[in-house]
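Since we're looking at a predicted model, the values are computed, not measured.
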Amino acid sequence: TSLRPPIAVFKDGWKIEIGGKTYDHLGDWTKSADSDIRYFSGRAVYRNTFSLSDVPASDRALYLGRVAGGLARVLVNGRDCGVAWCYPFRVKVPAALLKKGRNDLEIQVVNTWKNRLIGECLLPESERKTRTCFELSEGPRNDILMEIGRVWWAKGYCAEDALDVCGLCGPVELR
């Protein structure tokens, strides 16, 4: 089957809250010049609005494009539409949630701890924000697994480890 044409495309107009900061565009957090965003771990909230001239007669799907490094919870007009956690990163939007005129979209994106732990390696211990049982060290590639008996343990991270791409990268479309 072919995809329905989009009834709303979200390119601009984003208001994003991440780690106590705000910005306005989709993309990979690890590309940010701001280290608080580049090494962020937790939940970022993306908000946008759209207008409909008519309410659709049937349910629609919100396609999130790429959600890197985590999962996304979608709310339309304050109502939960579910969580997208794997490709193709889409959720069903019941027609009953949509209204003529202004509609509000909120997408909560959560990533893993890895980037924050790598960021911690760059800070003196007195400035670190996170405490963990993982080892943080100055050595190269410290994130390898080691075997103790029959159990595998992660040794931790270092500043040279690669960051995981994170964030809502889009494109976001309501179809």
Side-chain angles (χ1 to χ4, degrees), residues 1 3-4 6-50 56 58-98 103-121 128-134 136 143 145 152-157 161-175:
T1 61
L3 293 176
R4 292 178 171 171
I7 61 173
V9 177
F10 304 91
K11 292 183 179 178
D12 300 315
W14 289 102
K15 293 179 182 122
I16 304 160
E17 298 170 13
I18 178 172
K21 309 241 175 149
T22 59
Y23 70 106
D24 63 0
H25 61 279
L26 301 182
D28 178 7
W29 305 341
T30 67
K31 302 296 183 204
S32 175
D34 184 332
S35 63
D36 288 337
I37 294 173
R38 185 172 50 255
Y39 299 108
F40 179 76
S41 175
R43 181 180 73 162
V45 179
Y46 295 72
R47 291 186 177 91
N48 211 325
T49 61
F50 60 102
S58 60
D59 295 346
R60 296 298 176 140
L62 184 73
Y63 289 81
L64 302 177
R66 183 175 181 206
V67 178
L71 54 87
R73 176 174 298 283
V74 175
L75 293 92
V76 174
N77 294 321
R79 303 291 300 270
D80 193 341
C81 294
V83 173
W85 59 275
C86 65
Y87 183 81
F89 295 107
R90 70 174 174 230
V91 296
K92 177 179 155 185
V93 178
L97 294 185
L98 299 169
N103 289 266
D104 296 315
L105 172 64
E106 179 176 305
I107 304 170
Q108 302 169 1
V109 175
V110 180
N111 71 333
T112 68
W113 226 16
K114 180 181 176 184
N115 292 351
R116 178 70 257 150
L117 294 177
I118 293 169
E120 295 293 287
C121 296
R128 293 181 179 167
K129 302 172 188 175
T130 306
R131 300 291 177 246
T132 177
C133 60
F134 284 116
L136 303 178
D143 64 343
L145 294 174
W152 287 87
W153 296 89
K155 286 189 67 174
Y157 298 101
D161 287 335
L163 297 175
D164 285 346
V165 175
C166 290
L168 178 59
C169 299
V172 178
E173 298 179 346
L174 182 63
R175 294 180 170 267

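- For the pair W29 and N111, the minimum side-chain heavy-atom distance is below 4.5 Å.
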Using the side-chain contact (heavy atoms from CB on, under 4.5 Å) rule, take L98 and F50 through it: C-alpha gap first, then chi angles, then the decisive distance, then the call. CA-CA 10 Å; L98 299 169; F50 60 102; 3.8 Å; yes
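- A pairwise comparison of heavy atoms in G78 and L75 identifies O-CD2, 3.8 Å as the closest pair.
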side-chain contact (heavy atoms from CB on, under 4.5 Å) for L105 and L174? Distances and angles first, verdict last. CA-CA 10 Å; L105 172 64; L174 182 63; over 6 Å; no
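- Salt-bridge check for D28 with R66: failed, with every basic side-chain N at 4.0 Å or more from each acidic carboxylate O.
- Distance check, rounded to the nearest 0.5 Å: CG of L168 to CH2 of W14 gives 5.5 Å.
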Go through the steps to decide whether I107 and V67 satisfy the test side-chain contact (heavy atoms from CB on, under 4.5 Å), and finish with yes or no. CA-CA 11 Å; I107 304 170; V67 178; over 6 Å; no
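- In this structure a side-chain-to-backbone donor-acceptor pair under 3.5 Å is present from D59 to A95.
- Around CZ of R175, the count of heavy atoms belonging to other residues, nucleotides or ligands within 6.0 Å exceeds 12.
- No side-chain donor-acceptor contact under 3.5 Å links R47 to the backbone of E106.
- Counting heavy atoms from C-beta on, the side chains of F10 and L26 never come closer than 4.5 Å.
- The distance from atom CD of E173 to atom CG of L64, rounded to the nearest 0.5 Å, is 10.5 Å.
- At a threshold of 4.5 Å between non-hydrogen side-chain atoms, the residues S41 and T112 do not count as touching.
- F40 and A44 get closest at one heavy-atom pair: CE2-N, 4.3 Å.
- Rounded to the nearest 0.5 angstrom, D12 CG and N48 CG are separated by 8.5 Å.
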side-chain contact (heavy atoms from CB on, under 4.5 Å) between S58 and R4: does it pass, once the steps are laid out? CA-CA 12 Å; S58 60; R4 292 178 171 171; 2.9 Å; yes
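- Going from atom OG1 of T130 over to atom CG of L117 covers 6.0 Å, rounded to the nearest 0.5 Å.
- Here the CZ atom belonging to R43 is positioned 4.5 Å from the CD atom belonging to Q108, to the nearest 0.5 angstrom.
- Remark: side-chain polar atoms of N115 are paired, donor with acceptor, to backbone N or O of D164 under 3.5 angstrom.
- Of the possible donor and acceptor atoms, none in the side chain of N103 sits under 3.5 Å from a partner among the backbone N and O of V76.
- A salt bridge links D80 with R73: the distance from a Lys NZ or Arg NE/NH1/NH2 to an Asp or Glu carboxylate oxygen falls below 4.0 Å.
- The distance from atom SG of C81 to atom CZ of R60, rounded to the nearest 0.5 Å, is 14.0 Å.
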